[in-house]
Amino acid sequence: MIQNEELHDEIGDNHIGSSAKNPMRADAFAISDDEKIDRIKKDVENILLTLGMDLTDDSLKGTPNRVAKMFVKEIFGGLNPNKKPKASTFDNNYKYGEMLVEKNIIVYSTCEHHLLPIIGRAHVAYISNGTVIGLSKMNRIVEYFSKRPQVQERLTMQIVQELQKALGTEDVACVIDAKHLCVNSRGVSDIESSTVTSEFGGKFKEEQSRREFLDYIKLDTKF
């Protein structure tokens, strides 16, 4: 048992993902959001009491409920498939056939190993094969997959896969550059480092298209 705990700690401390999909139980949505909030509220209350906090203090009285609502409704809201944004697409009537890049999309996610924030920017691109997608939908797709316990590699892949499905093309790319507070605020406590991940599909696997994309986003990292 100790060996397993050490292994799990090592995986978490080194931020290693275990699956390409978010690990979800089959009964993940068997209870309502209100029931989830009620259960989490009690768990947060127990954590604070165990830490020695006085929950009769006016500042702390509402904390368990606030945290529970935040978990279910906000920072982990992307776990609920009902909140998935509709990726409205349109015919490319003006025949734009070059690369479209949406850069500096804010990423605010949560590391699944320590439940601390991941904060950064996503840069997303695609080359239309006859279909285009609304610009705001690209932001919403990034936001949706960010609002769940995540590892950055998986998040990058999910964004690309979702856009490929919506656009009907493999020619999609995503680069994310983000700070992990589990690295910046604990453990090694390196406040300067950030993590860069990438996923290139279709034409973006070719050097010319990949380099053009990286030039657009002014990222010098080689992949």
Side-chain angles (χ1 to χ4, degrees), residues 1-2 4-86 105-122 139-159 162 176 178-189 191 195:
M1 185 65 179
I2 294 176
N4 285 339
E5 288 179 358
E6 289 175 350
L7 174 62
H8 295 153
D9 281 345
E10 184 176 354
I11 289 172
D13 285 337
N14 286 284
H15 311 286
I16 298 169
S18 61
S19 62
K21 294 183 178 181
N22 296 91
M24 300 286 290
R25 296 199 325 269
D27 63 347
F29 303 102
I31 62 174
S32 68
D33 282 358
D34 287 341
E35 290 176 286
K36 289 180 180 181
I37 289 170
D38 189 55
R39 290 187 186 186
I40 295 170
K41 176 182 175 180
K42 293 172 183 175
D43 291 334
V44 174
E45 183 177 289
N46 186 52
I47 289 170
L48 293 173
L49 287 172
T50 301
L51 289 171
M53 305 300 292
D54 180 6
L55 296 187
T56 65
D57 186 272
D58 286 342
S59 180
L60 289 174
K61 278 182 181 178
T63 297
N65 190 58
R66 282 192 295 269
V67 172
K69 287 197 297 183
M70 177 184 69
F71 275 17
V72 175
K73 300 289 188 179
E74 297 178 63
I75 66 173
F76 299 141
L79 291 172
N80 190 337
N82 293 329
K83 295 184 178 181
K84 185 176 180 179
K86 184 179 179 182
I105 301 172
I106 295 299
V107 170
Y108 210 116
S109 192
T110 303
C111 170
E112 70 180 32
H113 300 119
H114 294 93
L115 299 186
L116 286 172
I118 300 171
I119 306 170
R121 296 177 186 271
N139 297 62
R140 293 190 184 281
I141 286 170
V142 171
E143 180 185 41
Y144 173 69
F145 287 104
S146 297
K147 298 298 183 186
R148 52 181 68 180
Q150 274 290 18
V151 292
Q152 190 172 320
E153 298 92 329
R154 180 198 298 138
L155 173 59
T156 311
M157 294 168 62
Q158 288 174 333
I159 292 166
E162 185 64 23
I176 296 178
K179 286 183 174 288
H180 293 235
L181 265 66
C182 46
V183 173
N184 301 147
S185 68
R186 58 160 300 282
V188 71
S189 298
I191 64 171
T195 300

Do [X] and [Y] have side chains that get closer than 4.5 Å, going by heavy atoms?
| X | Y | result |
| --- | --- | --- |
| Ile31 | Arg39 | yes |
| Val151 | His113 | yes |
| Val72 | Phe76 | no |
| Pro149 | Leu79 | yes |
| Arg121 | Ile106 | yes |
| Cys111 | Leu181 | no |
| His180 | Leu116 | no |
| Val183 | Thr195 | no |

Correct closest heavy-atom pair for Asn46 and Thr50 would be O-OG1, 2.7 Å
Identify the heavy atoms of Phe71 and Ile40 that sit nearest to each other, and give their distance.
CD2-CG2, 4.1 Å
How far does [atom1] of [X] sit from [atom2] of [Y], to the nearest 0.5 angstrom?
| X | Y | atom1 | atom2 | value |
| --- | --- | --- | --- | --- |
| Leu49 | Lys42 | CG | NZ | 14.0 Å |
| Arg140 | Lys83 | CZ | NZ | 13.5 Å |
| Lys21 | Met157 | NZ | CE | 10.5 Å |
| Asn22 | Glu112 | CG | CD | 7.0 Å |
| Ile118 | Ile176 | CD1 | CD1 | 9.0 Å |
| Glu74 | Lys147 | CD | NZ | 7.5 Å |

Could you walk me through whether Leu155 and Val107 pass side-chain contact (heavy atoms from CB on, under 4.5 Å), step by step?
CA-CA 10 Å; Leu155 173 59; Val107 170; 4.0 Å; yes
Any donor-acceptor pair under 3.5 Å linking the side-chain atoms of Arg154 with those of Gln150?
yes
I'd like to know whether Asp38 forms a salt bridge (Lys or Arg N to Asp or Glu O under 4.0 Å) with Lys41, so could you lay out the CA-CA distance, the side-chain angles of the two residues, the decisive distance to 0.1 Å, and finally the verdict.
CA-CA 5 Å; Asp38 189 55; Lys41 176 182 175 180; 5.5 Å; no
Should Ile105 and Glu143 be marked as a side-chain contact (heavy atoms from CB on, under 4.5 Å) after you check the CA-CA gap, both sets of side-chain angles, and the distance that decides it?
CA-CA 9 Å; Ile105 301 172; Glu143 180 185 41; over 6 Å; no
Residues Arg66, Val44; criterion side-chain contact (heavy atoms from CB on, under 4.5 Å); working and verdict:
CA-CA 10 Å; Arg66 282 192 295 269; Val44 174; over 6 Å; no
Counting only heavy atoms not in Lys69 (residues, nucleotides, ligands), do more than 12 fall under 6.0 Å from its NZ?
no
Got a sec: does the CE of Met24 have more than 12 other heavy atoms crowding it under 6.0 Å?
yes
Donor-acceptor contact below 3.5 Å, side chain Ser109 vs main chain Ser146:
yes
